[in-house]
Amino acid sequence: MHLRINTLLNQPPTGEKVEVAGWIRTRRDTGGFSFLEVNDGSCLANIQVIADKDLVNYEQDIKRLTTGCSVRIEGTLQASPAKGQAVELLAGRVEVVGWADPETYPLQKKRHSFEFLREITHLRPRTNALGAVARVRSRLSFAVHTFFQKRGFIQVHTPIITTSDCEGAGEMFQVSTTRPHGGAGKAEAAEEFFGRRAGLTVSGQLQAEVYALAMGDVYTFGPTFRAENSNTSRHLAEFWMIEPEMAFCDLRGNMRLAEEMLKYCLTDVMDNCAEDMELFDRFIEKGLLEKLRGVTGQDFAHITYTEAVERLQGCGKTFEFAVQWGIDLQSEHERYLSEEVYKRPLIVTDYPAAIKPFYMRVNDDGKTVAAMDILVPGIGEIVGGSQREERYDVLEARMRAAGIDPAEYSWYLDLRRYGSVPHAGFGLGFERLVQFVTGMANIREVIPFPRTPGFAPC
RNA sequence: UCCUCGGUAGCUCAGCUGGUAGAGCAGGUGGCUGUUAACCACCUUGUCGGCGGUUCGAUUACGUCCCGGGGAGCCA
């Protein structure tokens, strides 16, 4: 039975016989033996293996080992006489499990550009940076669940195939069993598998509300799909979203939860992925750890949309797009506020009703809604949420005003007809969180298999 | 989708005003008693993103399409 390298590296060199299994990163020959750097993905560090020339297969196997070969090695853990590692493995047996022809294997023992690695999506987790991203992503996911579970939230698996659009959330991918050219002019809707138009979910929020109004505090954490033709370093056609929804909760409670959750996740990752975070801090974004500690160490800033507009109009800075009440804040405005004015996460609340979806609760002024966006330096909007409209009449009127047929959403309106309560929730793009935590510039590097317009290789 | 900059060896890039290309790394061979971006010597590698036109001749200038970077819109 082999041991994971991360556990081995944390063991004292007892001289015990152990086995590791992993992939060769580099081989260095020195006179009578070779150094092998073996990585198994359990941690950033490799284990250094000493393979002596007296090993039976030294000439025919070990001296032919190159980057990417898989090996199984039995040996004794010993203290390393040289600097660079505390322990090393003195090999007693080196078995080559799978060769990797160096003439064609694309990965080298040097740095590659992320653009190049994206072309070999299936091999890139074998690199330091992408491996670190994978571990941090996994830990973050765990932290999200831990955070909610500790607070008694119930996880709800909302549907991936849905027939209700979450208005304002972007274009849906259609789900259909009918072939594009096989319709032969028949009534297509009647042939639909679900008897009506269906698509991949753009948000689990509406269904999460269903369970919030039965179970109190719930959350969803699953894949989400947007058929938008957006080509940026912050957008994916398939991404993961975290959406808590709380009954008997207002915007204030919603904001508090979002802030606590972000702080919990950042702290957890810094505590549990120190080695990987060190890599990001050194090579990906200088000052990353300081930035993250700045987020966990102070309260988020708060400003209303109206105050933000006044502030932007009076700041003396000229923007490409003019700032005017009633028009949504542009990226440049959000960046200015979070990066230059506050220099920390900023929560903007109470947006004009006209630019927000129908389900957001109308404030007493009749012009704004109880919405909140959390803007984070470098990423922009990372959280979007609101208190939901719990008043039947107001909600129905808002739906009609938005051109939505209330009959289509009768199930949603029923939640207000029977035992309605004030409730609130938010959506957090998981990949944007991973981006913020790792400092990775492009969102395509923080999801294992990115999907963007024209790109879905495997 | 729009603006903008790019696409040259396996990778990262150089190539002035049109005359079919080069450096580092990687890879191969040999050397080296502890290396860790190993080191030293020698060697190999190209439909110059695709297509079309201009030209005696296009990697270079033109048109178009594809892909990537940066920015914008949409948003998470």
Side-chain angles (χ1 to χ4, degrees), chain A residues 25-38 45-53 63-64 66-68 78 80-85 88 90 100-120 127-128 166-171 202-205 223-243 258 283 319-321 328-335 355-357 373-376 379-385 426-436 441-444 446-447 452-455 457:
Chain A
R25 282 296 176 78
T26 71
R27 191 195 84 228
R28 293 181 295 272
D29 303 325
T30 307
F33 60 97
S34 295
F35 294 101
L36 307 176
E37 294 282 343
V38 180
N46 306 319
I47 192 162
Q48 176 166 283
V49 176
I50 312 298
D52 196 86
K53 69 171 192 306
K63 283 209 80 171
R64 286 172 54 220
T66 51
T67 307
Q78 62 179 27
S80 179
K83 280 180 182 164
Q85 58 283 316
E88 61 187 20
L90 179 64
D101 180 7
E103 297 282 354
T104 57
Y105 188 64
L107 290 176
Q108 302 168 3
K109 56 180 175 185
K110 66 161 197 169
R111 229 197 92 92
H112 291 287
S113 68
F114 289 125
E115 292 79 23
F116 169 68
L117 291 175
R118 214 179 290 146
E119 293 169 14
I120 45 168
T127 64
N128 285 340
C166 197
E167 188 244 338
E171 286 293 308
V202 292
S203 165
Q205 181 204 312
T224 311
F225 309 87
R226 303 277 167 91
E228 295 287 344
N229 188 11
S230 51
N231 216 307
T232 82
S233 57
R234 301 181 308 282
H235 290 84
L236 291 165
E238 178 180 297
F239 63 99
W240 288 63
M241 196 150 61
I242 299 151
E243 296 176 288
F283 299 114
F319 295 104
E320 192 187 334
F321 295 94
D328 211 353
L329 299 179
Q330 304 292 308
S331 286
E332 54 175 338
H333 307 140
E334 296 181 346
R335 291 181 76 102
I355 58 171
K356 290 292 182 182
D373 281 359
I374 301 186
L375 312 178
V376 140
I379 303 285
E381 186 184 338
I382 195 169
V383 168
F426 63 83
L428 176 136
F430 186 57
E431 282 73 20
R432 291 198 180 165
L433 178 63
V434 182
Q435 259 190 297
F436 185 66
N442 197 313
I443 200 165
R444 296 165 197 201
V446 299
I447 187 166
T452 51
F455 188 86

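Only a predicted model underlies this, so the values are computations on that prediction, with no experimental measurement involved. Order of the sequence lines sets the chain letters (A, B, ...), proteins ahead of strands, with each chain counted from 1.
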Taking a pair as Watson-Crick or G-U wobble with both distances under 3.5 Å, which nucleotide is matched to [N]?
N: B:C39; result: B:G31
N: B:C11; result: B:G24
N: B:G73; result: none
N: B:G68; result: B:C5
N: B:U54; result: none
N: B:C48; result: none

Inset, instruction - Kindly say whether A:Ile443 contributes a backbone atom to a donor-acceptor pair with the side chain of A:Arg234 at under 3.5 angstrom? - result: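 Here the side-chain-to-backbone pair does not exist.
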
Legend entry - Flag, side chain of A:His333 to backbone of A:Gln330, donor-acceptor distance under 3.5 Å: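 Answer holds: yes.
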
Taking the same atom, [atom1], in [N] and in [M], what whole-Å distance lies between them?
N: B:C65; M: B:G22; atom1: P; result: 34 Å
N: B:A23; M: B:C42; atom1: P; result: 13 Å
N: B:U47; M: B:A58; atom1: C1'; result: 14 Å
N: B:C51; M: B:A41; atom1: C1'; result: 46 Å
N: B:U1; M: B:U64; atom1: P; result: 16 Å
N: B:U59; M: B:C13; atom1: C1'; result: 15 Å
N: B:U4; M: B:A37; atom1: P; result: 44 Å
N: B:G27; M: B:G70; atom1: P; result: 29 Å

Round to the nearest Å and state the distance from [X] atom [atom1] to [N] atom [atom2].
X: A:Ile374; N: B:C75; atom1: CD1; atom2: P; value: 18 Å
X: A:Glu332; N: B:A72; atom1: CD; atom2: C1'; value: 10 Å
X: A:Ile355; N: B:C75; atom1: CD1; atom2: P; value: 9 Å
X: A:Gln205; N: B:C75; atom1: CD; atom2: C1'; value: 14 Å
X: A:Glu238; N: B:C75; atom1: CD; atom2: C1'; value: 17 Å
X: A:Arg226; N: B:G73; atom1: CZ; atom2: P; value: 17 Å
X: A:Asn229; N: B:C67; atom1: CG; atom2: P; value: 10 Å
X: A:Phe319; N: B:G71; atom1: CZ; atom2: P; value: 17 Å

Kindly give the heavy-atom pair with the smallest separation between [X] and [Y], and that separation in Å.
X: A:Lys109; Y: A:Thr67; answer: CB-OG1, 4.1 Å
X: A:Glu332; Y: A:Phe321; answer: OE2-N, 2.7 Å
X: A:Arg444; Y: A:Thr232; answer: NH2-O, 4.0 Å

Which part of the nucleic acid, if any, lies within contact of [X], taking any heavy atom under 4.0 Å across all strands shown: a base, the sugar-phosphate backbone alone, or nothing?
X: A:Asn46; answer: nothing
X: A:Ser34; answer: nothing
X: A:Pro102; answer: sugar-phosphate
X: A:Phe116; answer: sugar-phosphate
X: A:Leu236; answer: base
X: A:Ser113; answer: sugar-phosphate
X: A:Gln330; answer: sugar-phosphate
X: A:Phe33; answer: base
X: A:Gln85; answer: base

Please state whether the base of [N] and the side chain of [X] form at least one donor-acceptor pair under 3.5 Å?
X: A:Glu88; N: B:G34; result: yes
X: A:Gln108; N: B:G10; result: yes
X: A:Glu228; N: B:U1; result: no

Inset, instruction - Could you check A:Asn442, A:Val446, A:Val376 and say which one makes a side-chain contact (heavy atoms from CB on, under 4.5 Å) with A:Gln435? - result: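 The side-chain contact (heavy atoms from CB on, under 4.5 Å) with A:Gln435 is passed solely by A:Val446 among A:Asn442, A:Val446, A:Val376.
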
Does OP1 or OP2 of [N] have a side-chain N or O of [X] closer than 4.0 Å?
X: A:Ser230; N: B:U1; answer: no
X: A:Asn442; N: B:G69; answer: yes
X: A:Lys110; N: B:G24; answer: no
X: A:Thr30; N: B:C32; answer: no

Inset, instruction - Would you kindly compare A:Glu119 and A:Thr67 by the position of their nearest RNA chain B nucleotide and give the one closer to the 5′ end? - result: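 Looking at the nearest nucleotide for each, A:Glu119 comes out on the 5' side.
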
Inset, instruction - Name the residue closer to the 5' end of RNA chain B, choosing between A:Ala237 and A:Ala441 according to the nucleotide with the nearest heavy atom. - result: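 So the residue in question is A:Ala441.
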
Go through [options] for me and flag the one nearest to the [X] side chain.
X: A:Glu115; options: B:G69, B:G34, B:U1; value: B:G69
X: A:His112; options: B:U35, B:C11, B:G69; value: B:C11
X: A:Arg118; options: B:U35, B:G68, B:G27; value: B:G68
X: A:Arg444; options: B:U35, B:G69, B:G27; value: B:G69
X: A:Glu103; options: B:G71, B:G34, B:G27; value: B:G27

Inset, instruction - Please list, chain by chain and in numerical order, all residues satisfying side-chain hydrogen bond (donor to acceptor under 3.5 Å, both in side chains) with A:Asn229, sequence neighbours excluded. - result: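 Result, side-chain hydrogen bond (donor to acceptor under 3.5 Å, both in side chains) vs A:Asn229: none returned.
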
Inset, instruction - Would you tell me whether A:Glu243 and A:Ser203 have side-chain atoms, one donor and one acceptor, within less than 3.5 Å of each other? - result: yes

Inset, instruction - Determine the interplanar angle of the A:Phe116 and A:His112 rings, folded into 0 to 90°, and report it as parallel if under 30°, tilted if 30 to 60°, perpendicular if over 60°. - result: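 Tilted: the ring planes of A:Phe116 and A:His112 meet at 30° to 60°.
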
Legend entry - Validation row: A:Leu90, A:Ile50 side chains within 4.5 angstrom (heavy atoms):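 A:Leu90 vs A:Ile50: side chains touch.
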
Inset, instruction - Could you encode protein contacts along nucleotides 44-49 of chain B as a string, one character per nucleotide from 5' to 3', using B for base contact, S for sugar-phosphate-only contact and - for no contact, with a heavy-atom cut-off of under 4.0 Å? - result: ------

Inset, instruction - Give me the one residue out of A:Arg25, A:Gln85, A:Arg28 that meets side chain to side chain donor-acceptor pair (under 3.5 Å) with A:Glu37. - result: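 Considering A:Arg25, A:Gln85, A:Arg28, a side chain to side chain donor-acceptor pair (under 3.5 Å) with A:Glu37 is found only for A:Arg28.
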
Inset, instruction - Answer yes when A:Asp29 and A:Lys53 have at least one side-chain N-carboxylate O distance shorter than 4.0 Å, and no when they do not. - result: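 Result for this pair is no, no salt bridge flagged.
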
